[in-house]
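Worksheet for the structure shown next.
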Amino acid sequence: MLTPMGHIGLSRAGMLSRRGRCRTFMSDADGYVRGEGVGVFVLKSLRNAEADGDHIHAVIRGSGVNHGGRAN
């Protein structure tokens with residue numbers, strides 16, 4: 001989305017909303033609107049959070065990594 005070429009191509013193809021608003025599942029929907037977003041979680045060890053007096057919303061008790069493809 002850093003260059004205009006993709007946006008120009010989608011516009012020429014008639015894929016972008018003329019209103020500039022998505023109307024998902026509406027009978028008068030006329031395309032979609034491009035957008036980006038980001039989410040951030042700042043994690044801290046339980047010991048450090050307790051020592052700093054932070055409000056603890058959740059504790060992660062374990063984690064795992066799964067790799068389903070070939071790897072060297």
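Taking the side chain as every heavy atom from C-beta outward, Leu10 and Tyr32 approach each other to under 4.5 Å. Between Val33 and Leu16 the shortest side-chain heavy-atom distance does not fall below 4.5 Å.
Annotation: Ile60, atom CD1; neighbour count of heavy atoms from other residues, nucleotides and ligands within 6.0 Å does not exceed 12.
Asp54 is linked by a salt bridge (Lys or Arg N to Asp or Glu O under 4.0 Å) to Lys44, counting only residues two or more places apart in sequence or in another chain. Judged as a salt bridge (Lys or Arg N to Asp or Glu O under 4.0 Å), and not counting sequence neighbours, the contacts of Arg23 are Asp28.
A distance of 8.5 Å separates CG of Asp52 from OG of Ser45, quoted to the nearest 0.5 Å. Distance OG/Ser17 to CZ/Arg34: 14.0 Å, rounded to 0.5 Å.
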